[in-house]
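Basis for what follows: all heavy atoms, side chains included, without hydrogens, waters or symmetry-related copies. Everything numeric in this text was worked out from a predicted model, so none of it was measured. Throughout, a chain's letter reflects where its sequence line sits, starting with A, and its residues are numbered from 1.
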Protein chains: 2
Amino acid sequence: MTILENAEAGDGLRERKKAQTRRAIHEAAYRLVDEQGFESTTIDQICHQADVSSRTFFNYYPSKNAAALGLSGESLDDGAATRFRSASGSLVDALCDMIAGGDQFAARHLRLKRLVKRNPELMPTLGSLMTAARGRLIDLAAERAASRDEAELAVSLVLAALALTVHSTTESDLPSAVRLRSSVDAIVAVRNAPLRSAELVETVA
Amino acid sequence: MTILENAEAGDGLRERKKAQTRRAIHEAAYRLVDEQGFESTTIDQICHQADVSSRTFFNYYPSKNAAALGLSGESLDDGAATRFRSASGSLVDALCDMIAGGDQFAARHLRLKRLVKRNPELMPTLGSLMTAARGRLIDLAAERAASRDEAELAVSLVLAALALTVHSTTESDLPSAVRLRSSVDAIVAVRNAPLRSAELVETVA
DNA sequence: CAAAGATTTTGCAGGCAACGCAATCTTACG
DNA sequence: CGTAAGATTGCGTTGCCTGCAAAATCTTTG
């Protein structure tokens, strides 16, 4: 039950077991990395905890990074595409809904922030994963954008905001999609922020 | 001479030799990866081409990725901080100048684009490197920003624009800093772009 | 319910990246 | 020239990750 939390509705025993194993591996990876740090956690340790052979580990996750962060390749949940296609408002708003609108998003996001905070070596990994998702997002966005260029721009903006929310320390009660949108707006608003005068800088330096 | 192109102005023989070695390694790595692909190029091959031991390789670059992309840890050139401190205009403009204002930037950027295009497996690596540089950029930006939050926002925006220019295929004659700024403006402008109607989407899907 | 069929798990063997250490060679400097 | 500082190298180790083929497990069908 502890482990099965999310592994419901499998078609057969096989499906259920797979989901369970995937979850067990991620759980073990997350816990160990959280406790010992990423570098000093070996795949063998994870496998031992999850009760699978090290070879099976790679049947579920392509790398230690992916297992720790629990990203099985698809960084978007199932409802994402649907949410995007039925969203209204601006293109950027729709992207925010798609990315952060799922019910699991907030929880996942918190876990992830915690892990990255305690373990900054994972930050680049995170960036790399976001970059990897970029292409898929652009393809989706292009469906409802005026042009592919516009889709790229919109995705760039939203991903920047997403990166921001990962690094930010504030924990808000707002729905995640709304928070993401407000990050977007904050970024846009900073475009014309003035420089502090150069003399002041000399003093600091 | 072919190799020494950029290894000028060393203080002593030692400095010059180091610069030369670093360049030789990067040159070899770049060429081999460009020809054979990233995965199928081994560090031993690179070392053989550059005439150094595999152990020395790691004295210069922390990873194969870094060697191929030629990023020696500092992704900013020497003049960067100075450029930023003496820039005028808005905070975001100053960051653009700092990042893309150097004379080597355009050339580097082109090489990099070529490599990543031919070899998409490197795209995540690129994202990871940009994320890694994030912290340093924010520290610098904070010197002339109203607050640290504002610095984070500005850096997020500029990095998003930078990612965009890497992926874009257009080759312009504008100075790099100006191009970066125009990417920034394009991103800001997309904030309120409308969605194409949902019916149209159904048709597409 | 048993045997054939489909998948998943596992062990084994190996390639390659990356680091630590200690010996050797090169440059700098008095 | 000789000594100190620093760079290069070889060797050995650990750990990530993959391919392959045998063993174990679930599914289906007669």
Enquirer: To the nearest Å, how far apart are A:K64 NZ and C:dA18 P?
Expert: 13 Å
Enquirer: Does anything in residues 132-162 of chain B pair up under ring pair (Phe, Tyr, Trp, His ring centres under 6.0 Å), and if so which pairs, sequence neighbours excluded?
Expert: none
Enquirer: Would you work out how much the helix from C:dC1-D:dG30 to C:dG30-D:dC1 bends between its ends, with each end axis defined by five base pairs, to 10 degrees?
Expert: 10°
Enquirer: For a quick check, with a 4.0 angstrom heavy-atom cut-off, what is the B/S/- contact string for nucleotides 6-11 of chain C, read 5' to 3'?
Expert: BBSBBB
Enquirer: Considering only residues two or more places apart or on different chains, which pairs with a residue in residues 151-184 of chain B satisfy ring pair (Phe, Tyr, Trp, His ring centres under 6.0 Å)?
Expert: none
Enquirer: Kindly write out the residues that satisfy side-chain contact (heavy atoms from CB on, under 4.5 Å) with B:L112, not counting sequence neighbours, or none if the list is empty.
Expert: B:L69, B:V116, B:L126
Enquirer: With distance as the sole test, does B:R83 use its side chain to make a donor-acceptor pair with the main-chain N or O of B:M98 at under 3.5 Å?
Expert: yes
Enquirer: Could you list all the salt bridge (Lys or Arg N to Asp or Glu O under 4.0 Å) pairs where at least one residue sits in residues 30-46 of chain B, not counting sequence neighbours?
Expert: B:D34-B:R114, B:D34-B:R118
Enquirer: By side chain to side chain donor-acceptor pair (under 3.5 Å), which residues pair with A:D93, not counting sequence neighbours?
Expert: A:S90, B:R191
Enquirer: To the nearest 0.5 Å, how far apart are OG in A:S183 and CD in B:E152?
Expert: 10.5 Å
Enquirer: Nearest 0.5 Å please: distance from the CG atom of A:L162 over to the SG atom of A:C96.
Expert: 9.0 Å
Enquirer: Let me confirm one number: the CG-CG distance from A:L140 to A:L95, rounded to the nearest 0.5 Å.
Expert: 8.5 Å
Enquirer: Taking all atoms of both residues into account, what is the closest heavy-atom pair of A:S53 and A:C47, and its distance?
Expert: O-SG, 3.9 Å
Enquirer: Using a 4.0 Å heavy-atom cut-off across all strands, classify A:T41 as base, sugar-phosphate, or nothing.
Expert: sugar-phosphate
Enquirer: So, using ring-ring contact (aromatic ring centres under 6.0 Å, His included) as the criterion, who are the partners of B:F105 when residues are at least two apart?
Expert: B:H109
Enquirer: List for me each residue that meets salt bridge (Lys or Arg N to Asp or Glu O under 4.0 Å) alongside B:R55, sequence neighbours excluded, and say none if there are none.
Expert: none
Enquirer: With sequence neighbours excluded, tell me which residues meet side chain to side chain donor-acceptor pair (under 3.5 Å) with B:D149.
Expert: none
Enquirer: Using a 4.0 Å cut-off to any heavy atom of chain B, which nucleotides of DNA chain D are the first and last in contact, reading 5' to 3'?
Expert: D:dA5 to D:dC11
Enquirer: Which residues within residues 42-50 of chain B lie with some heavy atom under 4.0 Å of an atom in DNA chain D?
Expert: none
